[in-house]
*Asks:* 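Below is one structure. I have some questions about it.
Each chain gets a letter, A, B and so on, in the order its sequence line appears, and its residues count up from 1. Fair warning: this is a prediction, and the values are worked out from it, not measured in the lab.
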Amino acid sequence: MASLNYDNSDDPRDIELSSLTAIYPEIHQVRPDDPYAIALDIPVTPSKAVVVFFPAPEAQENAGANTNGLNGANAGQVDSHELAHLPSLHLEVAFGPEYPDDQPPKVTLSTTPPWLPAETLRKLEEDAPRLWEEMGRDMVGFTYIDHVQQSAEDVFGLAGGSGGLQVDPQHKIAILDYDIKARQAAFDRETFECGVCLDPKKGAVCHRMLDCGHVFCVECLKDCYNKAIEEGDLAAVRCLEPSCAKKRQKTCDSGKKRKRPRTYISPSELLQIPLESAMVKRYVTLKYKNELESDKNTIYCPRSWCNGAARSKKHRKPEGLELAEASDDEDEAEESNVGPDGKPKPFEAKDRLAICEDCSFAFCSRCLQSWHGEFFLCVPPEKKEQLTAEELASAEYIRLHSTPCPTCAVPAQKTHGCNHMICFRCNTHFCYLCSAWLDPMNPYRHFNVQPNGKVTSCYNRLWELEGGDGEGVGYGFDEGFRGDAPLVEVEEAEAEDAELDQMIQGDEPAPQAPEPPREEAPPRGGLVAGQVDIAREGPLVLRIAANQPARGGGHGDAQGHAAVQPARGGNQHVAGGHEGHGGGGRGQAPGGGGRGAGNRAAGRGRGGGPHRQNNQRNQAGQGRRRNNNINNQNNGNAGPQDVEVEGGGLDAAQQAWIRQFVQLALNDEEDGDDFDIPV
Amino acid sequence: MASQKRIAKELADCTTNPPAGMSISLANDSDVHKWHVVLDGPPDSVYAGGKFGIIVSLPSEYPFKAPVVTFATRIYHPNITNDSLGNICLSILKPENWKPASRLLAVLEAVRALLIEPQPDDPLEGRIADEYRRERKEFEKNAKTYVTRYAKGPVKFDVLAAAAAAAPASNTSS
């Protein structure tokens, strides 16, 4: 910039320029060789923030058609910003040699970027000669500059009216940028009293909170937030003004936009303050962790070296320093397993798939094993040590008197009807006996001859347990005991009748005692104490086999039994059909009344079908029953008695063997059975 | 230290322009972290005529941590423990509500407001709160009895502090 010195001359231009430079010290010379061409930037700072529209390109074509630019119709499709500072107007004035007497000053106006319409600029430029004429061809410099400044107050008439100012969208970034910088500059010049240190501070060392606009000095903010983040007190990372959150809560309530006001500070704002990025990183990590921990539905990676959280739609792992916006609709999230109509959402098998955020391990959220696909029945890892006796009894009851759905594992209890079940929760069709998934198109095939000519272990067993399963139903029901475990009602599918006993015979490969005649099968109900009645058979064994694959025996308690009798063990691995009869058999003990209330559910003898079974099966039943009565005083001799009663057709050697076995089984169970309930 | 500077400012504010019915001093001139406030029972309340000693302890992290306010004078009030501790339940002082820009002036005003209007729904003394709600007459009688018994005469701050002050004095005399 050339030094301006107009003092030593009689030229009227010198006189005018010397006073102008005194008024506007920022005036500078355009060219070094011409002292009478000056330039000046006039800030465009409307007295009231002006709404600036940036119409989308196509919208602008329309706007171009009706030259007035914006009207209400396309206001909706453009983005608008309220700006307090617009890029300044660059004014160049050349005072020619004939000025002021015979020539008006030559005025050139421009903006960078060219956001002002050419039309407006031209009009403003024309004002110079007009004013010069009006003044009687006198020195017009100050008058004109003042005129331009005043016109800038309402953005040269463009901001007046209802529409606001319309600007070509290609200048948007530059204009917004200018506004931000100008605001910042204005802010920096201001003085604020920081509410924390109570010192007046220049805006340059202060930070205006982005959400609420409260101003604090950077030093105090850093002090406070660093301390809070270090201590993990994330709640303290918020605006420091006492009533701030409350006020925003109020405005939010009236606005109803957000359910909860956002009171925490975004990581990017913390960086702006500026906090150390390591500190912000810690903030982001802690925030994410807190969020996960406060959500009881969070699933953690089962790998002990990882323990990361599984991916979830609700909480996304923050990337870098950016905190993923937690879903706003937290209420919805809280009742995530309830559908919009208040009914539980249908269970979806694929929801069980969880993938660890940290190590990408894909696992099942129910059994916490590596992912096994949707059509696999799994059970949650046992947490027995945390259960009370009552809970254990309940679990035992569920284990004995229900069948898990193969898809969602919800325990289902049949109240009556056939063994074709439809899960109330996920609508899966399944077999009540073996928990097998059934084709909804043809569910009964499972109980019939298969297309390949083979039969399943549930062949012809559609109507087993027709009267239902549980304490109050079925053959094995003992009046003295009612199950108080939670029961789950299951839809019942209709089916044709099936013959039960044929199945048993056809299924029975064991070479031992002859099948008792069918007539011996007791009538349903009306049991005489001491008489052994038919009870449910297959299903019990099967589900135990499914639940506890580790157990060798079909019947949970028959471990020792299985070991002693390899022949039997050989049968067991098949779908479980025949162990069903053996293991599931249970004696209706004469001393049934002696069962303690403490082990009600578990202690209930599973009545076997000894009349129809060979003696091995009988033993299993005995063993089981006895185990259940292990704390029972009748225990010691109940089994052998039963054996005698039931094994009436056996020869002495066999009976002796049975007794020996039972004794073995007893000892074994007493030592090793972890299913017994402490009373 | 930013903390001390702020406390000094607040103290200057409070002493030059004390809040209604209060006089404020430091417990010990060298320590700005402990204030002694004498509060006159608000005229229209049951505590009128009494003088109550209030101890304000400012933690070293102040103003990032809330001050601790206790009554040194026994008082019969649902929100102030009826014992020698004189703990007070004031929402502005709870850690989750405390904001660094909150001022002690506001805290003291809140304490005074609590004497004018107890908050029986958030009580420290459930029995007194019940009495306040159900048998206002009885409550007023009891509160006034407490005023006459404890809040008349010169205010004594903190028995322990008094004992501590007395101990060295006896040492020097002996």
*Asks:* Would you compute the distance between atom CZ of Phe64(B) and atom CG of Asn226(A) and round it to the nearest 0.5 angstrom?
*Replies:*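 Between atom CZ of Phe64(B) and atom CG of Asn226(A) there are 9.5 Å.
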*Asks:* So does Leu198(A) get a backbone contact from the side chain of Arg6(B), meaning a donor-acceptor N/O pair under 3.5 Å?
*Replies:*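 Flag not set: sc Arg6(B) to bb Leu198(A) has no pair under 3.5 Å.
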*Asks:* Closest approach of Val196(A) and Ala101(B), non-hydrogen atoms and distance?
*Replies:*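 Looking at all heavy atoms of both residues, the closest pair is CG2-N, 4.4 Å.
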*Asks:* Tell me whether Gln272(A) at atom CD has more than 12 heavy atoms from other residues, nucleotides or ligands lying less than 6.0 Å away.
*Replies:*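 Buried by this count: over 12 neighbours within 6.0 Å.
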*Asks:* If you count the non-hydrogen atoms of other residues, nucleotides and ligands that lie under 6.0 Å from NZ in Lys201(A), is the total more than 12?
*Replies:*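 Buried by this count: over 12 neighbours within 6.0 Å.
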*Asks:* Please say whether more than 12 non-hydrogen atoms of neighbouring residues, nucleotides or ligands are located less than 6.0 Å from CG in Leu85(B).
*Replies:*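 For Leu85(B), atom CG is crowded (more than 12 foreign heavy atoms under 6.0 Å).
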*Asks:* Under 4.0 Å between a Lys/Arg side-chain N and an Asp/Glu carboxylate O for Lys9(B) and Glu193(A)?
*Replies:*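 Judged by the 4.0 Å cut-off on N to carboxylate O distance, Lys9(B) and Glu193(A) do not form a salt bridge.
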*Asks:* Can you tell me how far the NZ atom of Lys65(B) sits from the CG atom of Asp233(A), to the nearest 0.5 Å?
*Replies:*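 The CG atom of Asp233(A) is 6.0 Å from NZ of Lys65(B), to the nearest 0.5 Å.
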*Asks:* Do Glu241(A) and Arg103(B) meet the salt-bridge criterion of a basic N to acidic O distance under 4.0 Å?
*Replies:*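 Salt bridge: no.
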*Asks:* Tell me whether Lys152(B) at atom NZ has more than 12 heavy atoms from other residues, nucleotides or ligands lying less than 6.0 Å away.
*Replies:*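 Yes, NZ of Lys152(B) has more than 12 neighbouring heavy atoms, counting only those of other groups under 6.0 Å.
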*Asks:* Under a 4.5 Å heavy-atom cut-off, does chain A meet the side chain of Asn97(B), its backbone, both or neither?
*Replies:*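 When you check distances to chain A, only backbone atoms of Asn97(B) fall under 4.5 Å.
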*Asks:* Take Arg238(A) and Lys99(B), measure what side-chain contact (heavy atoms from CB on, under 4.5 Å) needs, and give me the verdict at the end.
*Replies:* CA-CA 9 Å; Arg238(A) 56 180 171 180; Lys99(B) 296 278 196 110; 3.4 Å; yes
